[in-house]
Asks: 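Mind looking over this structure? Questions follow.
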Amino acid sequence: MRVEDLLTYGKQYCHSDHVKLLLADLLNLNPLELLNHLEDIIDQEVCDKYKSEINALRNGIPLQYAIGSVNFFGNTYLVNENVLIPRFETEELVENTINYIKDNFNGPIKILDIGCGSGVIGLTLKQKFPNASIDLLDISKEAIEVARKNASLLQLNVNFIESDVFSNVNEKYDVIISNPPYIKTDEEIEDIVKNNEPHIALYAGSKGLDIYQKILSQAKNYLKDKYLIALEIGATQRQDLLDLINTYFKNVEIVTKKDLSDKDRMIFIYKSE
Ligand code: GLN
C-alpha cells in the first residue's frame, strides 16, 4: 500500500494527528515529512504492523503504548503497560532539579530516583550529570525491566534497586527525586488512563499521600547532611505536602513550584549543610 492509502485507512478509525504520528514513527520519519512520501509503497510487513497499531488505538490503547515509545527531554524511551506514560510536567520537575543541582552541588553526587517507572527521571539526570552515581528504584520488577532496557539503549550506566520505597536501600544520597503515585483512590481520572496505565503507578490511598508519607517519614536516614528532595505533586496537594514536610523536617528550605499550566506541581526541600 502507498503512504497516502495508509493514512486514509487510519483516518477512518482514529484522529488524524494520531494516525500521522503512528505512521511516521513506523517509517522513521518526522510527521511533517509524511507529505513528501505520499506515493511511497510500503512493505506488507510494515502495513500489517500499522494496521494492528491502528486497531490498538481504536480499542482505546494510548498512542504511546501503541507506538511503544515516548520522547522525554529529547530522548526516546520504550514504554509498555507496565510503566506510567511519562508526562510533560515531569520534564519540568527534572529541569528544575537540574538547575538546583548545578547551583548547589559540586563534584560527583549520589542520586536516588524513587518509583523510576520507565526510568525517564534518573536516566535524564545521568545524561546531564555523567559523574553522578544514580540509583533507579521501583517496587515493580516489570518496570525495572523497562528502565533497564532504556538505560542500555541510551548507553547510560546506572544501578537498579527493586524495593518498596526505602526497604532495600542501604546508602545515603545527596539528592532524592520522585514522581510517585499521587492520585486519590476515588479521584475521577480519564478512562484512557484508568483503563491502561498501571494502577500501582497512579494511586496512593484515600488522599493520594501514602507514598509521600513513606518517603518523607524515612528520607533523613538515607540523606547526607546537605541534601535536596525533589517531588512531583498533585495540583491539590501542596498544603498537605507542606504539612507532611513540617512534621518530619526542621530548618530546611521549602520551595513549591507550578507547572506550565499554572498548577501546583513540584516541591523542593533543600538543606544546605
Ligand atoms: N518516574 C516515572 C515517571 O515520572 C514513573 C512514575 C510513576 O510510575 N509514578 O514517568
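Counting starts at 1 for both ligands and their atoms, in listed order.
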Asks: What is the closest protein heavy atom to atom 2 (C) of ligand 1, and at what distance does it sit?
Replies: Cys116 O, 3.4 Å
Asks: Specify side chain, backbone, both or neither for Pro198, according to which of its non-hydrogen atoms lie closer than 4.0 Å to ligand 1.
Replies: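 Under 4.0 Å from ligand 1, Pro198 contributes no heavy atoms.
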Asks: Of all the atoms in ligand 1, which lie at a distance below 4.0 Å from a heavy atom belonging to Pro181?
Replies: 9 (N)
Asks: Using a strict 4.0 Å threshold on nitrogen-to-oxygen distance, state whether Glu45 and Lys49 make a salt bridge.
Replies: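 Between Lys49 and Glu45 there is no salt bridge, as every charged N stays at least 4.0 Å from the carboxylate O atoms.
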Asks: For ligand 1, which atoms sit closer than 4.0 Å to a heavy atom of Val120?
Replies: 3 (C), 10 (O)
Asks: Assess Ser118 for proximity to ligand 1: is some non-hydrogen atom of it under 4.0 Å away?
Replies: no
Asks: Measure across Ser118 and Leu78 and return the closest heavy-atom pair with its distance rounded to 0.1 Å.
Replies: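 What the structure gives for the nearest pair is CB-O, 4.0 Å.
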Asks: Considering the options Leu123, Val83, Ile85, which one meets the side-chain contact (heavy atoms from CB on, under 4.5 Å) requirement together with Tyr77?
Replies: Leu123
Asks: Determine, using ring centers only, whether Tyr100 and Phe268 are less than 6.0 Å apart.
Replies: yes
Asks: Is there any N or O on Leu84 that sits under 3.5 Å from an N or O of ligand 1?
Replies: no
Asks: Please determine, by modelled atom types, if Glu92 and Asn96 share a side-chain donor-acceptor pair under 3.5 angstrom.
Replies: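 No - no donor-acceptor pair under 3.5 Å links their side chains.
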Asks: Determine whether the side chains of Lys184 and Thr236 contain a donor N or O and an acceptor N or O closer than 3.5 Å.
Replies: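 There is such a pair (donor and acceptor under 3.5 Å, judged by atom type) between the side chains of Lys184 and Thr236.
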Asks: What protein heavy atom sits nearest atom 5 (C) of ligand 1, and how far off is it?
Replies: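 Ranked first by proximity to atom 5 (C) of ligand 1 is Gly115 O, 3.4 Å.
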Asks: State whether the side chain of His18 and the backbone N or O of Leu57 hold a donor-acceptor pair below 3.5 Å, judged by distance alone.
Replies: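 No; judged by distance alone, with no hydrogens or angles, the pair does not exist.
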Asks: Is there a polar contact between ligand 1 and Ala201, counting only N or O atoms under 3.5 Å apart?
Replies: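 It does: an N or O of Ala201 is found under 3.5 Å from an N or O of ligand 1.
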Asks: Numbering the atoms of ligand 1 from 1, which are under 4.0 Å from a heavy atom of Thr90?
Replies: 4 (O)
Asks: Checking a contact table here: which protein heavy atom is nearest atom 3 (C) of ligand 1, and how many Å away?
Replies: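 Residue, atom and distance for the closest contact: Asn179 ND2, 3.7 Å.
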